[in-house]
Amino acid sequence: MSQQISLPAKLINGGVAGIVGVTCVFPIDLAKTRLQNQRPGQQVYKSMIDCLLKTVRSEGYFGMYRGAAVNLTLVTPEKAIKLAANDYFRCHLSKDGRGLTVFREMLSGCAAGMCQVIVTTPMEMLKIQLQDAGRLVAQQRKPCIIPPNRLATTNAVLSRSYNVVPNTSPRAVSATQIARELLHTQGIQGLYKGLGATLLRDVPFSIVYFPLFANLNKLGKPSTDEAAPFYWSFISGCVAGSTAAVAVNPCDVVKTRLQSLSKGANEESYSGIIDCFGKIMKREGPSAFLKGAGCRALVMAPLFGIVQVMYFIGVGEFIMSQSSLKLISG
């Protein structure tokens, strides 16, 4: 029975964990996106706290959750694919049930990262447009920052939904509107803009995260046959998640810039990953690649801590076992 319900249970575990984790840390993720998209001389926010306070003042409490709906909708398949794929590849790469070498753990994480971008790329694409819209409006309102004759070209659907004239209130745009516009104008590839940068971020993240978590979690096991306590899994997930997040932050900055369709005043566009890296390095310096690193670490630490606790508690196994019992008794 355990073999039959293993994959569905793991998918449920990943989905539930993703929803709980995202709900807890989404405001910090919003701050991360806005900080990464700021250019020198056009800063609207000084820090994560400043960003969150200004967001609440100008957009209300729920402004911190702008873009959360698309994330909560797609995080279930995204986290489910990531965690289930890693388990699947770990199982097939293990020799006679013995532990994996670090290289095989990295290989398994690499494969899991490649699988998840199927969902991650369009999810991030839509989320970033919604998260960054408030920054663009705030930048337009900032005195002496946008000469009328220097307004940058914006994405069509966002420019219709967000009035860029100073001192006007923005009208919300939905992920559905953005997706429909992209599909109409660019086809399916419009939703997968930044795919290469997403791979460049998520594959190294998984290569770092999964082996690090596995080895940290192993230290908390009373014996080789027993599981580590839930609090140790939480701590291991937090440490591994934050470490991997900071390690790949430069790639996350590039991905965020490439996937931002609407630009503020004098904000440059990029033709690809290399062009983006080059322009950021030339115009903003190496420190620009660390923008939002603290926010990203604060997002990934509790997110993956919660993910691992939910995953190892076995919510999916419990649900599947209850369903199986009902089917048998019926």
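Numbers here simply count residues along the sequence, with the first being 1.
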Nearest-0.5 Å distance, [atom1] of residue [X] to [atom2] of residue [Y]:
X	Y	atom1	atom2	answer
Gln259	Leu195	CD	CG	9.0 Å
Leu182	Leu126	CG	CG	7.0 Å
Gln36	Arg135	CD	CZ	11.0 Å
Ser260	Ile128	OG	CD1	5.5 Å
Ser47	Leu52	OG	CG	8.5 Å

Counting only heavy atoms not in Tyr88, do more than 12 sit closer than 6.0 Å to its OH atom?
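Check fails, neighbour count at 12 or below.
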Check [Y] with [X], please: is the shortest side-chain N to carboxylate O separation under 4.0 Å?
X	Y	answer
Glu124	Arg201	yes
Glu268	Arg39	yes
Glu59	Lys54	no
Arg296	Asp29	no

Taking atom types as modelled, is there a side-chain donor on [X] or [Y] under 3.5 Å from an acceptor on the other?
X	Y	answer
Gln116	Glu78	yes
Glu105	Asn215	yes
Thr55	Arg66	no

Would you please classify the geometry between the Phe213 ring and the Tyr209 ring as parallel, tilted or perpendicular, with 30° and 60° separating the classes?
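Tyr209 vs Phe213 ring planes: parallel.
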Which Ile, Leu, Val, Met, Phe, Trp or Tyr residues join Phe289 in one cluster when any pair of side-chain heavy atoms under 4.5 Å counts as a link?
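Members alongside Phe289: Leu200, Val253, Val254, Leu258, Tyr270, Ile273, Phe277, Ile280, Met281.
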Linking Ile, Leu, Val, Met, Phe, Trp and Tyr through side-chain heavy atoms less than 4.5 Å apart, which residues share a cluster with Ile274?
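Grouped by the 4.5 Å side-chain rule, Ile274 forms a cluster of one, so the answer is none.
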Any donor-acceptor N/O pair, Trp232 side chain to Leu216 backbone, under 3.5 Å:
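Such a contact is found between Trp232 side chain and Leu216 backbone.
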Between Ser108 (side chain) and Arg104 (backbone), is there a donor-acceptor pair under 3.5 Å?
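No, the answer is negative, given that no donor and acceptor are paired below the 3.5 Å cut-off.
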Just wondering, do Leu191 and Leu183 contact through their side chains at under 4.5 Å, heavy atoms?
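In contact.
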Aromatic centroids of Phe205 and Phe304 separated by under 6.0 Å:
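Yes: the rings meet the under 6.0 Å criterion.
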Would you check, one step at a time, whether the test side-chain contact (heavy atoms from CB on, under 4.5 Å) holds for Thr256 with Lys32?
CA-CA 10 Å; Thr256 299; Lys32 185 263 311 179; 4.2 Å; yes
